[in-house]
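In what follows, chains carry the letters A, B, and so on, assigned in the order in which the sequence lines appear, proteins first and then strands, with residues in each chain numbered from 1.
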Amino acid sequence: MDIRFYNSLTHQIEPFTPIQAGTVSMYNCGPTVYDYAHIGNFRTFVFADVLRRFLELAGHTVHQVMNITDVGHMTDDQLADGGGEDKMAAAAKRLKESKKQGVALIENPDDPYAVAEFFTGAFIEDAKLLGLKIADEYPGQMPRATDHVVPSMIPMIGSLIEKDHAYMAEDGAVYFSVQSFPDYGKLSGNSLDKLRGGAGGRVQDSHQTHKRHPADFLLWKPDASHLMKWDSPWGAGYPGWHIECSAMAKAILGKDTIDIHTGGEDNIFPHHECEIAQTCGATGNDHFANFWLHSRFLLVEGEKMSKSKGNFHTVRDVLEGRVTGRAVDPAVLRFELLKGHYRSNINFTAKGLADSASAVRRFRNAVHTDTKSAPLDHPDVQAFLETLANDLNIAGALGIVFERMKKSDDELPSILSRVNEILGILPTNIGSNVQSHIPFRHNVEAEVFSPKNLCDQLDAARAEKNFTKADTIRQQLIDEGYDVKTTKGGTVATKRLA
RNA sequence: GGCCGGGUAGCCGAGUGGUCAGGCGGCGGGCUGCAACCCCGUAGACGCGGGUUCGAUUCCCGCCCCGGUCUCCA
């Protein structure tokens with residue numbers, strides 16, 4: 001199968017061939033765990049998951065790593081390079097607020113490791129609910145940055161200093177020297193003289209004075225008062241953000257050059273630009289990742305998501321019904337996040353969610369979870385995969401699936417079962433076996449209401465042609481959030497998907 | 001201002017130098033006690049202005065709009 005991806009590094013669609021035939025190494029920039037993940041975060045993570053699943057069906061073994069950033073980073077208060085308030089400290093403050101309101105989510109909000117642990121747990125739950133294979137089957141491939149400071153990051157920083165790609169400045173901090181790396185700017189299309197310093201509003205002048213070049217970025221910040229700190233040859237302190245991904249990709253994937261690196265479009269500059277400089281500076285290779293794939297941002301009702309606009313939604317907000325007023329099945333949210341092309345903005349809307357619910361329902365009507373998957377070389381499966389092979393054209397591929405669903409025959413369920421290995425929207429693939437330590441409304445709800453009982457009563461009423469009574473019961477089921485279906489075997493009520 | 005991605009029917013979204021995307025919704029019909037589910041049919045589109053061409057939504061140029069980024073946002 002000829003796979004082609006748009007490579008951000010070369011700005012064009014290129015044939016994809018792994019370095020080692022049959023095996024793909026892939027690194028995904030993961031979450032920073034100082035709060036619950038939002039749906040925009042998961043747009044990117046679901047994209048990485050679909051990519052993984054596609055590559056597997058295309059015949060590759062995929063070695064995937066998704067990092068969890070649990071080192072305190074700065075708040076978004078316009079300060080960079082080690083200034084500003086620690087994000088973990090800010091998270092602690094939020095947790096204390098919730099404790100005051102009677103919800104004690106963790107014992108000690110002042111312990112940044114406990115805060116990180118709490119939100120890491122929440123993230124992995126969300127990831128499982130949304131069907132991320134890595135969280136469900138390979139949680140060991142989701143390294144914590146805090147575990148890699150000493151074994152991976154400090155040695156890499158040392159190596160960069162040795163090779164004159166990094167230096168210790170007068171303020172004691174270690175910076176990467178961008179002028180030592182001629183390719184700096186290649187990924188983002190920037191050049192050092194074109195970058196407008198400070199235009200992003202994230203630079204604080206006082207941190208710039210000690211750098212050789214304004215674009216030099218932090219590798220190590222000595223700070224003995226920091227909540228999270230490690231001993232290093234440059235004093236006790238903490239690592240810069242960019243170094244963690246370079247170090248962990250190398251440490252866990254075990255390669256100097258990997259096949260694919262993904263992330264959100266905001267990561268292109270500076271984060272991924274810096275990763276390339278660090279890794280290539282340390283290894284001496286031309287490439288860190290051969291392919292860079294970036295997903296575009298998610299918008300909410302046509303606008304960018306922001307706390308000030310009140311359209312900032314966590315995964316939990318959506319699933320628990322705080323966004324639409326109705327609980328949403330995780331498969332519906334997954335489908336909503338994956339149905340658009342990764343290289344376009346997707347627009348998250350209440351209507352879109354309802355559309356996705358219909359799509360998931362139709363899909364589930366046509367295939368059962370115990371159906372055996374059709375062979376990979378089945379023409380209809382191939383048509384689906386070939387479309388995905390063209391830069392992960394998921395919308396085109398879904399068009400093929402829905403077209404095929406119009407023809408209901410014996411083969412259809414097995415074809416859809418195979419397709420589902422990528423879509424991941426059948427009940428068993430998603431949200432199963434998640435033991436949440438945070439109460440989920442939609443998990444609890446079903447127990448206090450017995451739809452089976454009412455369905456039986458409804459059927460009895462219909463049998464004696466008491467349609468008024470039957471309609472009353474049906475309305476009751478609908479009001480409780482069920483889809484009511486009349487089948488040959490009687491009335492069936494299923495939880496509404498959204 | 002530089003760099004990067006995008007703009008396709010009411011909504012979401014593929015694709016193509018000439019003839020079908022697909023989904024939701026709409027309309028008409030079938031099924032139904034009535035509905036829902038399901039099935040069949042059907043209408044409607046390519047941001048704006050030039051250019052190339054027999055023909056442009058598609059290729060080229062200019063413009064407008066949206067999104068990202070310009071050093072710790074997925």
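With rounding to whole Å, A:E301 atom CD is found 13 Å from B:C11 atom P. Distance CZ (A:F5) to P (B:G5): 18 Å, rounded to an integer number of Å. Counting to the nearest Å, the C1' atom of B:G23 and the CG atom of A:L353 are 15 Å from each other. A:H272 places its NE2 atom 17 Å from the P atom of B:G5, with the value rounded to the nearest Å. Spacing between atom CG of A:L412 and atom P of B:C39 amounts to 10 Å, rounded to whole angstrom units. We find that CG of A:L187 is positioned 10 Å from C1' of B:C4, with the value rounded to whole Å. In this structure, CD of A:E273 is placed 12 Å from C1' of B:C4, rounded to the nearest angstrom. Taking atom CG on A:L337 and atom C1' on B:C12, their separation rounds to 14 Å, with Å as the unit.
Evaluation of the ring-ring contact (aromatic ring centres under 6.0 Å, His included) rule for A:F16 yields A:F5, A:F291 as partners, not counting sequence neighbours. Qualifying salt bridge (charged side-chain N to carboxylate O under 4.0 Å, His left out) partners for A:D471, counting only residues two or more places apart in sequence or in other chains: A:R474. For A:H38, the ring-ring contact (aromatic ring centres under 6.0 Å, His included) partners two or more places apart in sequence, or in a different chain, are A:F312. For A:H261, the ring-ring contact (aromatic ring centres under 6.0 Å, His included) criterion is met by A:Y27, A:H272, A:F288, A:W292, not counting sequence neighbours. Contacts of A:Q475 classified as side chain to side chain donor-acceptor pair (under 3.5 Å), with partners at least two apart in sequence or in another chain: A:D479. Not counting sequence neighbours, the partners of A:Y342 by the ring-ring contact (aromatic ring centres under 6.0 Å, His included) test are A:F47. Applying the side chain to side chain contact (heavy atoms under 4.5 Å, CB included) rule to A:K465 yields the partners A:F467; only residues at least two apart in sequence or on another chain are considered.
Nearest to the side-chain atoms of A:D266 among the listed nucleotides B:U71, B:A74, B:C11 stands B:A74. Listed candidates were B:A74, B:G22, B:C12. Nearest to the side chain of A:M305 is B:A74. For A:N393, whose side chain is taken as the heavy atoms from C-beta onward, the closest listed nucleotide among B:U69, B:C24, B:A14 is B:A14.
At a cut-off of 3.5 angstrom, the base of B:U71 holds at least one donor-acceptor pair with the side chain of A:Y184.
In this structure, the ring of A:F42 has its center less than 6.0 angstrom from the ring center of A:F45.
No contact: A:K465 has no heavy atom under 4.0 Å from any strand. Among the atoms of the strands shown, base atoms are found under 4.0 Å from some heavy atom of A:L298. Note on A:H341: only backbone sugar-phosphate atoms sit closer than 4.0 angstrom, heavy atoms only; bases stay farther off.
Nucleotides B:G51 and B:G22, compared at atom P, are 35 Å apart to the nearest Å.
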Restricting both atoms to N or O, compile the protein contacts to nucleotides 17-20 of chain B shorter than 3.5 Å, with distance only.
none

Give me, pair by pair, the N or O atoms of the protein and of nucleotides 58-67 of chain B that are less than 3.5 Å apart, along with how far apart they are.
residue : atom : partner : partner atom : Å
B:G67   : O2'  : A:N345  : ND2          : 3.1

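The main-chain N or O of A:Y6 is never found under 3.5 Å from a side-chain atom of A:Q12 such that the two would form a donor-acceptor pair.
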Give the C-alpha distance, both sets of side-chain angles, the deciding distance and a yes or no for ring-ring contact (aromatic ring centres under 6.0 Å, His included) between A:F119 and A:Y36.
-> CA-CA 6 Å; A:F119 285 117; A:Y36 295 110; 5.3 Å; yes
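Scanning both residues, A:T324 and A:A350, for their nearest heavy atoms gives CG2-CB, 4.2 Å.
For A:T32 and B:A74, the shortest distance from a side-chain N or O to OP1 or OP2 is below 4.0 Å.
Residue whose closest nucleotide on RNA chain B sits further toward the 5' end, between A:A354 and A:E336: A:E336.
Stem analysis of RNA chain B (Watson-Crick or G-U pairs, both distances under 3.5 Å, runs of at least three) returns B:1-7 with B:64-70, B:10-12 with B:22-24, B:26-30 with B:38-42, B:47-51 with B:59-63.
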For every nucleotide of nucleotides 31-38 of chain B, 5' to 3': is a protein heavy atom under 4.0 Å from its base (B), only from its sugar-phosphate (S), or from neither (-)?
-> --BBBBSS
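At most 12 heavy atoms of other shown residues, nucleotides or ligands fall within 6.0 angstrom of atom CG in A:D2.
Between A:F181 and A:F176, the ring-plane angle classifies as perpendicular under the 30° and 60° cut-offs.
Near RNA chain B, meaning a heavy atom under 4.0 Å away, the residues from residues 395-403 of chain A are A:A395, A:G396, A:G399, A:F402, A:E403.
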